[in-house]
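The structure appears below as structure tokens.
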Amino acid sequence: MNKPNQDVAATSSRYAKNYEPASIEPRWYGEWVRRRYFHADAQAPKAPFAIVIPPPNVTGVLHMGHALGCTIEDIFTRWKRMAAYNAMWLPGTDHAGIATQMVVERRLREKEGKSRHDIGREEFVKRVWEWRQQSGDQILEQLKRLGCSLDWDRLKFTMEPSYSEAVIEAFVRLHEEGLIYRAERLINWCVSCRTALSDLEVDYDEGKQGELYEFAYPLLDGSGEVVIATTRPETMLGDTAVAVHPDDPRHQAKIGRKIQNPLTGYFFNVIGDPVLVDPTFGTGAVKVTPAHDPNDFESAQRNGLPFISILDEAGVVTAAGGPFAGLDRFAARKAVKARLKELGLERGSKPHVHAVGHCQRCETVVEPMLSTQWFVKMEPLARPAIEAVEQGKTRFVPESWSKTYFHWMRNIRDWCISRQLWWGHRIPAWTCGACAKITVARQTPAACVHCGDAALTQDSDVLDTWFSSWLWPFATLGWPKETRELKTFYPTTVLDTGYDILFFWVARMMMAGLHFMKKVPFRTVYLHTMVTDEKGDKMSKVKGNTIDPLVVIDKYGADALRFALAWLATHASQGKNIKFSMNNVEDARRFATKIWNASRFALMNLEGFDAERFADRVADGPDRAELDLPERWILSRVQRAIEAVDEALEDYRISDAAQAAYHFVWNELCDWYIELAKAALAREGAADSELRWKVQGALVTALEAAMRLLHPFMPFLTEEIWQQLPKSSGAPQSIMITLYPVKDLRFIDDASEASMALVQKVIVALRTIRAEKNIAQTARLTAILTVGDDYKKTILEGYREIVAEQGRCAAVRVRRAGSTTNIPHLVG
RNA sequence: AGGCACGUAGCUCAGUGGAAGAGCACUACCUUGACACGGUAGGGGUCGGCGGUUCAAUCCCGCCCGUGCCUACCA
């Protein structure tokens, strides 16, 4: 017997009735880290298994979504590590451009009453780094509390120098390949964040009841008017045409007529545009505002219309708005309406449901604006990423998400990647003071590549955060260098993340991975659900319905939280969430307590047990060891449990795996085997008999296997118990580095399972009779079993003692009858 | 508007072309030396509705009703 970890195991709590996680968890986590069990060596001659963490915001705090994802990722990682894979789970954090900048700006305003402009860019960026230093990475400490077996030696941050190098490299290469371009386009502009946003960063709140106003534009020749409809009257200041359908008999004749904008005095024409205009909608005439509407922008390109930008970056009307210049966009809306009414051009309004775009970060209404920005040309990148999924090189779990992926990828639009922020990767582009042309370079260039002038100014914009995130699976492994890490761990095995960032992150990683690495970034994408409160409402601080994982861990233990989440982690059907309730955690804690007490029972009954001797006896299987029915049965059931858990994990059915382990431990090991063991150990003469050590051996064997089986789900509890179980010499120092249970065919015993099933059925029948007839528990009656065949008779006679013990009967008699059913009787 | 899902026990959810499952809740009994964060036994579902395919449908197909989510430039 080796006695490792005596100093570590909590001997004081050994006989405590309830499991006390608070004293046990930090101790084991420290030990695991100290012994470097989480570290995967890229040179190890084992099959690789790699997961990269979805990097949380560096200044973020752990929420239930992280807890779910990281529990899932840790389950996979610990499972595969025990299954002898070179399992590597890479940790890291994201600089989270807008989100972090906003947090620091708010602090600056609150603490010093200053804006970022007051202190300037350099100082502001310094402040962000200071903030990251101070409050950053606390989420990583929180992940440790959860028990995450992350390879801390590989910690990455998306703004660290080596990662920035990868970001610059990716930008420059795509630019060289013509896949990044700079152009004046209609983009989404947040007037509060004062930056451009990608299409994905705009949220549309569906079904807002608004108003559709109708106004008349008089035709200049006095021949009448054309009535248009709009939800944004202020944009009339920027109209450069009115479009009608060329086949619309109501408006056909007006095409080519001139209009003078009654608000600004500008002149424009009525044009025919069959693409823009749906003659069945509204009045059949559409005002065209090329600088503030995506459709109108395209119409203007088709028809050669001018663009008038009427809003500045703050959302205030520009000089182009004539008399309305200087008004905020919403004030301008009112003023324009009032002016049109004054002019007698109002033609009514009707209620209208339409979706308004809001900034994902600050919820401000987003304005479509004309702006010069950097874009990634997506279609050429999307094509291989579509094919890879079609060909099964990467698969989605659940599979139905691939449809969503295809739909988005096949309709993909170019990605606006420049942001007018200060916190992020500076765009590696310099404008020449002499020729005004742009030089893109990996390092600050000495001179303009076009004219050789040295007066270069770097682009002041930074890149969208996701432009660094999409490189995560390979930039974290050393790209663009050809590292051993990349060779070993790329493509990664599984990516686990919430379905809410399928487009933001997963799809883009597919594109970047295939483009830069020529291989998919991961073989499987496991998409988990969103965690909501028990009513199904999204958890939010504003609503006050959040559940803090750390509070849960403090009160119930990390294992209880993890097991609760694993239990709930069924496949993510679209639009379905995990309704998380504290009841789930309480249930999981009850399970932990149950395991703890089952272990106590075992440990209290191991006197005289010799693990070495038992191991020798069963080394050749149960027959040689001459085990009895209950022992054969439980050791066979262990194999079934192992099989069920393993199959479920292979299929990413985490909930099924957790439930299979739960069912085995509670309903078979505890409810039946421990009860059978109690009776066996209590039998006369059991003290020194063979029976005693066989029971002890089966109990320890089943329990030990259950601990290994459950370790990925409940790492702390299982380690604590495992350490205390008797083991043969040469056993590893920690459950973490044992082998995950593998089904042992020699112990699968169909005959014993069938016999035991019959015995169980009879016992339950006897108990039912007792309960239904209100017979006292203490009454010791004679059970008379009438069975239909000799086979059953033989079995039941053979295990009469067990039936009597478990059925609380004084005696059991078995009779043969013509009938095919078992008819138990109790006779007083 | 289009797309994707879902509708199974009081609640939350698994599941399968061949005699309906889990956890919780509920009822009765039990403080027995592992555990009352426990034990034993039990009640409870025409598997949303209507048709169709099949020897057989909760499962496959069609329609309908209800719910949720995603995408979209509807002035």
Side-chain angles (χ1 to χ4, degrees), chain A residues 15 17-19 186 199-200 204 206 212-214 228-232 235 242-243 275-278 280-289 293-299 352-355 357 368 398 400-404 406-408 411 413 499-500 502-503 529-530 534 536 556 560 564 567-568 570-581 583-584 586-605 653 655-656 658-660 662-663 666-667 670-671 674-675 677-678 682 763-772 774-778 806-808:
Chain A
Y15 293 111
K17 249 165 112 170
N18 294 324
Y19 170 58
L186 208 66
D199 295 333
L200 286 175
Y204 292 88
E206 192 59 47
L212 185 64
Y213 307 99
E214 292 186 354
I228 54 88
T230 182
T231 54
R232 296 185 295 158
T235 61
V242 167
V275 181
L276 182 67
V277 183
D278 170 6
T280 64
F281 184 89
T283 62
V286 183
K287 61 188 280 306
V288 186
T289 321
D293 183 279
N295 291 319
D296 297 1
F297 176 84
E298 284 172 22
S299 176
H352 179 68
V353 179
H354 77 137
S400 65
W401 287 105
S402 54
K403 287 184 194 162
T404 309
F406 287 138
H407 182 257
W408 190 74
N411 296 287
R413 293 153 66 184
Y499 64 77
D500 55 334
L502 177 58
F503 307 139
T529 42
M530 301 293 108
E534 56 195 313
Y556 297 94
W567 183 279
L568 295 169
T570 54
H571 278 183
S573 292
Q574 304 210 353
K576 271 202 146 178
N577 297 321
I578 288 177
K579 293 187 181 107
F580 186 88
S581 149
N583 290 336
N584 301 128
E586 283 168 15
D587 294 343
R589 182 185 53 177
R590 290 192 310 117
F591 182 47
T593 306
K594 189 73 178 177
I595 295 170
W596 182 253
N597 280 296
S599 306
R600 281 177 71 221
F601 173 81
L603 293 169
M604 287 160 73
N605 287 284
R653 289 180 286 113
S655 177
D656 286 353
Q659 294 194 37
Y662 176 96
H663 181 260
W666 202 309
N667 303 117
C670 293
D671 288 352
I674 286 181
E675 294 307 317
K678 275 183 199 168
I763 291 166
V764 169
L766 290 171
R767 289 169 177 168
T768 304
I769 290 169
R770 186 187 288 269
E772 285 176 351
N774 282 318
I775 299 169
Q777 296 293 313
T778 46
Q806 301 301 317
R808 293 175 174 277

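In what follows, every heavy atom counts, from backbone to side chain, and hydrogens, waters and symmetry copies are set aside. The sequence lines fix the lettering, A, B, ..., with proteins before strands; numbering per chain opens at 1.
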Ignoring hydrogens and angles, tell me if any N or O in the side chain of [X] forms a donor-acceptor pair with the backbone of [Y] under 3.5 Å.
| X | Y | value |
| --- | --- | --- |
| A:Asn605 | A:Phe601 | yes |
| A:Asp278 | A:Thr280 | yes |
| A:Arg770 | A:Ala776 | yes |

> Want to settle it: does A:Phe503 or A:Cys670 sit nearer the 5' end of RNA chain B, counting the closest nucleotide to each?
Replying inline: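 The residue closer to the strand's 5' end, by nearest nucleotide, is A:Cys670.
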> If you find the nucleotide of RNA chain B closest to A:Ser599 and the one closest to A:Val286, which residue's nucleotide is nearer the 5' end?
Replying inline: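 Closer to the 5' end of RNA chain B: A:Ser599.
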> Hey, where does RNA chain B pair up into stems, meaning at least three consecutive Watson-Crick or G-U pairs with distances under 3.5 Å?
Replying inline: B:1-7 with B:65-71, B:10-13 with B:21-24, B:26-30 with B:38-42, B:48-52 with B:60-64
Mind calculating the distance between [atom1] ([X]) and [atom2] ([N]) to the nearest angstrom?
| X | N | atom1 | atom2 | answer |
| --- | --- | --- | --- | --- |
| A:Tyr499 | B:U71 | OH | C1' | 14 Å |
| A:Lys287 | B:C74 | NZ | C1' | 14 Å |
| A:Leu568 | B:C11 | CG | C1' | 13 Å |
| A:Asn411 | B:U71 | CG | P | 12 Å |
| A:Trp401 | B:U71 | CH2 | C1' | 12 Å |

>> How would you summarise protein contacts on nucleotides 20-30 of chain B per nucleotide, using B for base, S for sugar-phosphate only and - for none, with heavy-atom distances below 4.0 Å?
In response: --SSS------
Any side-chain N or O of [X] below 4.0 angstrom from OP1/OP2 of [N]?
| X | N | value |
| --- | --- | --- |
| A:Lys594 | B:G39 | yes |
| A:Lys576 | B:C4 | no |
| A:Thr570 | B:A14 | yes |
| A:Ser655 | B:C13 | no |
| A:Lys579 | B:C13 | yes |
| A:Arg767 | B:U40 | no |
| A:Lys403 | B:G3 | no |

>> Tell me if the aromatic rings of A:Trp567 and A:Tyr662 count as close, with their centers under 6.0 Å from one another.
In response: yes
